[in-house]
Amino acid sequence: MEEEEAEIYDGVRAQFPLTFGKQSKSQTPLEQIHNTTIRKAPPTSAANAETQSSLSSSSKARPDSLRPTPKSSSNPTPSLGPPPPRPTGSNSFVAHVSIGPPRPQARGVDDDDDGEVMVGPPRPPPGLAAADDDDDEEEEEEEEDGVMIGPLRPPEPADSDEEDFLYRIPTSNEIVLGGHSKVVSALAVDHTGSRVLSGSYDYTVRMYDFQGMNSRLQSFRQLEPFEGHQVRNLSWSPSADRFLCVTGSAQAKIFDRDGLTLGEFVKGDMYIRDLKNTKGHISGLTCGEWHPQAKETILTSSEDGSLRIWDVNDFKSQKQVIKPKLARPGRVPVTTCAWDREGKRIAGGIGDGSIQIWSLKPGWGSRPDVFVEKGHSDDITCLKFSSDGQILLSRSSDCSLKVWDLRQMKEALKVFENLPNNYAQTNIAFSPDEQLFLTGTSFERESKTGGVLCFYNREKLELVSRVGISLTSSVVQCAWHPKLNQIFATAGDKSRGGTHVLYDPTISERGALVCVASAPRKKSLDDFEVQPVIHNPHALPLFRDQPSRKRQREKTLKDPLKSHKPELPMTGPGFGGRVGASKGSLLTQYLLKVMFPV
């Protein structure tokens with residue numbers, strides 16, 4: 001019986017299409033999704049127009065150039081269905097029925113010299129390959145030798161686009177990770193590129209997960225590391241299982257990957273004069289960085305004029321205290337600090353404008369190995385080592401960026417000026433191949449450009465491109481992730497802040513591409529929740545506490561009509577109804593007047 005029922009069901013089911021009863025979800029094409037995130041404002045042109053790469057125009061042209069080009073309208077397009085009957089006479093028709101896929105279009109003698117059938121996509125039109133006569137001849141020779149199989153070759157870049165194809169800066173599309181109410185001053189992207197941390201002057205840290213985030217671009221967690229203190233720096237551990245949070249307080253905190261507090265370092269005694277005898281920092285922190293290789297070591301700098309190396313497993317004491325070299329005795333704040341790629345050197349930017357570098361070797365102390373007395377004329381906001389250990393970049397509040405050769409630190413190799421910097425956290429970043437380095441600029445009322453990302457060539461030491469981020473906000477932190485090939489730039493002002501993610505769908509991977517393509521989940525009837533009505537125990541007038549009437553009683557006592565105060569007698573001994581009282585005199589004075597009248 002069961003076999004007969006199955007045969008009957010299969011026979012009935014065969015009469016209906018396979019999609020019968022199934023509701024297919026409408027999916028938006030990826031090309032249409034990425035078109036919504038294309039940057040509207042073109043990048044600001046640099047001084048040298050030849051080296052300036054037109055990023056927005058070329059990035060849009062690349063996907064179109066990779067697609068097969070349709071043939072000219074002179075060749076008829078083969079029809080997919082059977083053609084209509086053709087009349088051969090007044091009343092006669094010849095039925096022409098085509099079964100299966102359409103036949104390949106017959107080619108003329110001019111199209112194929114050998115008379116062979118071309119397999120694969122159609123050839124590009126003649127105008128596409130006519131730019132270079134030599135390349136055209138080579139292609140004709142190859143076509144005569146054999147049949148072209150596979151997709152079309154990408155077009156050769158023009159002379160004006162050579163820089164763009166050389167650097168491939170992903171700036172065609174943009175998304176913004178918002179949520180902060182003030183400027184975003186700290187940024188950290190883990191090594192896998194799945195989680196992003198952003199800290200702000202609104203005292204909060206927001207955590208974003210590209211894998212679990214949809215197109216609404218909302219953070220999955222918000223933290224307040226230290227109440228009432230700005231977030232100044234964030235740094236992931238080498239294994240990306242923990243991160244360091246540096247705020248304006250004297251104590252740094254360690255959080256796990258999900259945002260749970262693991263511990264906070266001890267604060268030193270502010271009444272001890274010698275900083276080496278204190279257990280920790282005694283003033284607000286300015287910067288902090290995790291060791292690039294050791295999972296248990298971090299570095300912090302503070303306004304108390306010291307750098308300290310900590311062990312994550314021991315929050316009660318530090319491993320090393322570094323006091324920078326000063327021209328005059330006193331306490332000068334250390335504004336920034338950095339590790340090199342191997343973690344064998346430490347660089348510190350001092351408040352007097354000097355740059356000092358220490359090498360971690362046996363028996364090393366606070367005396368720096370490299371000392372540049374007048375590196376900058378103002379506070380140094382960032383120091384960055386190159387991976388090969390030959391170049392050091394420094395960014396300062398004096399509106400300049402300097403390139404230093406670590407083998408010869410007497411003078412800077414190059415000084416880039418006119419880079420406004422109004423924030424103490426403005427940093428520098430390298431591209432994945434370190435051919436370029438980039439930094440952000442602050443917004444100024446006199447200028448019309450706003451916050452801009454500036455890209456520089458490391459070998460030629462010249463400006464390559466200027467990409468506008470915001471017309472009314474300042475760009476503070478920036479990063480170029482090597483695995484995602486996406487650029488992160490934090491911006492904001494006194495009223496809002498966010499992290500701008502720049503990418504290119506043709507050369508970027510994961511990251512923003514994942515969350516943009518993920519549509520938010522539609523609400524269903526199962527998601528309906530009745531909002532509960534919460535009754536306050538003393539909300540009803542019957543149980544509400546009466547307001548205090550103390551002031552009302554005091555006011556009533558002062559009013560003689562409301563207080564029913566008796567009238568004072570007009571005659572008799574004393575004054576004002578009191579026996580023995582005198583009008584404006586003491587009792588002894590009254591008795592003397594009575595006994596010895598004048």
Side-chain angles (χ1 to χ4, degrees), residues 30-46 51-67 154-155 157 160-177 187-196 198 208 210-211 213 215 217 427-441 451-458 463-470 475 477-491 498-518:
L30 287 177
E31 184 178 358
Q32 183 177 353
I33 293 175
H34 291 309
N35 286 339
T36 60
T37 61
I38 292 179
R39 289 171 53 85
K40 297 180 181 179
T44 307
S45 59
T51 58
Q52 166 67 23
S53 55
S54 58
L55 303 174
S56 59
S57 60
S58 59
S59 59
K60 295 177 185 177
R62 278 194 218 109
D64 297 336
S65 63
L66 296 177
R67 297 171 189 159
S160 60
D161 296 339
E162 287 183 359
E163 296 288 340
D164 188 17
F165 277 84
L166 177 61
Y167 300 123
R168 302 298 295 272
I169 304 177
T171 56
S172 62
N173 297 60
E174 177 185 16
I175 63 172
V176 181
L177 306 178
L187 173 69
V189 187
D190 68 344
H191 310 294
T192 60
S194 59
R195 291 206 172 178
V196 180
S198 64
Y208 302 88
F210 282 129
Q211 304 297 329
M213 189 166 52
S215 57
L217 307 177
N427 73 333
I428 319 168
F430 277 104
S431 62
D433 56 1
E434 295 197 357
Q435 291 185 7
L436 304 175
F437 57 88
L438 61 151
T439 187
T441 62
V452 177
L453 268 181
C454 300
F455 295 81
Y456 299 93
N457 190 336
R458 175 181 170 180
L463 179 65
V464 172
S465 176
R466 290 168 61 90
V467 179
I469 300 298
S470 176
V475 178
Q477 294 264 312
C478 58
W480 193 334
H481 200 275
K483 291 187 178 180
L484 304 181
N485 196 18
Q486 298 173 13
I487 299 174
F488 297 80
T490 67
T499 303
H500 297 249
V501 184
L502 308 180
Y503 70 97
D504 191 335
T506 59
I507 58 178
S508 300
E509 297 180 1
R510 303 193 308 274
L513 280 75
V514 176
C515 61
V516 168
S518 176

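By convention here, the first residue in the shown sequence is residue 1. Just so you know, these numbers come straight off a predicted model, no measurement behind them.
A distance of 6.0 Å separates NE2 of His500 from CD of Glu174, quoted to the nearest 0.5 Å. Atoms OG1 and CZ, from Thr192 and Arg510 in turn, are 7.5 Å apart once rounded to the nearest 0.5 Å. Here His34 contributes atom NE2 and Leu513 contributes atom CG; the two are 4.5 Å apart, rounded to the nearest 0.5 Å. Remark: Asn457 CG to Phe437 CZ distance equals 8.0 Å, nearest 0.5 Å. Note that CD1 of Ile428 is 12.0 Å distant from SG of Cys454, once rounded to the nearest 0.5 Å.
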Next item on the list: Could you walk me through whether Ser198 and Thr490 pass the side chain to side chain contact (heavy atoms under 4.5 Å, CB included) test, one step at a time?
Entry: CA-CA 8 Å; Ser198 64; Thr490 67; 5.6 Å; no
Check: Would Thr506 and Arg168 count as a side chain to side chain contact (heavy atoms under 4.5 Å, CB included) if you check the C-alpha gap in whole Å, the side-chain angles of each, and the deciding distance to 0.1 Å?
Finding: CA-CA 10 Å; Thr506 59; Arg168 302 298 295 272; 4.2 Å; yes
Note to self: Determine whether Glu509 and Leu484 satisfy the following criterion, side chain to side chain contact (heavy atoms under 4.5 Å, CB included), listing intermediate values before the conclusion.
What the structure shows: CA-CA 5 Å; Glu509 297 180 1; Leu484 304 181; 5.6 Å; no
Next item on the list: Could you check Tyr208 against Val501 for side chain to side chain contact (heavy atoms under 4.5 Å, CB included), going step by step and ending with a plain yes or no?
Entry: CA-CA 12 Å; Tyr208 302 88; Val501 184; over 6 Å; no
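In this structure, Ser172 and Ile38 have side chains that are not in contact, with every pair of non-hydrogen atoms separated by 4.5 Å or more. Side-chain contact between Val514 and Met213 is absent, with no heavy-atom pair separated by less than 4.5 Å. Two residues are said to be in side-chain contact when any heavy atoms from C-beta on lie closer than 4.5 Å; Val475 and Ser470 fail this criterion. With a 4.5 Å cut-off on side-chain heavy atoms, Val196 and Leu187 count as touching.
For the residue pair Lys483 and His191, the shortest heavy atom distance occurs at CD-O, 3.4 Å. Residues Val452 and Arg466 approach most closely at CG1-CB, 3.8 Å, considering heavy atoms. Residues Ile469 and Ala491 approach most closely at CG2-CB, 4.5 Å, considering heavy atoms. The shortest non-hydrogen separation linking Tyr456 to Val464 is C-CG2, 4.0 Å. Nearest approach of Gln486 to Tyr503, heavy atoms of both residues: CG-CB, 3.7 Å. Taking every heavy atom of both residues into account, Ala429 and Cys478 meet most closely at CB-O, 3.6 Å.
At least one donor-acceptor pair closer than 3.5 Å links the side chain of His481 to the backbone N or O of Asp190.
Screening Ile175, Leu453, Ile169 against Leu502 for a side-chain contact (heavy atoms from CB on, under 4.5 Å) leaves a single residue, Leu453. Each of Thr36, Thr37, Asn35 was evaluated against Asn173; a single residue qualifies, Thr37, per the side-chain hydrogen bond (donor to acceptor under 3.5 Å, both in side chains) test.
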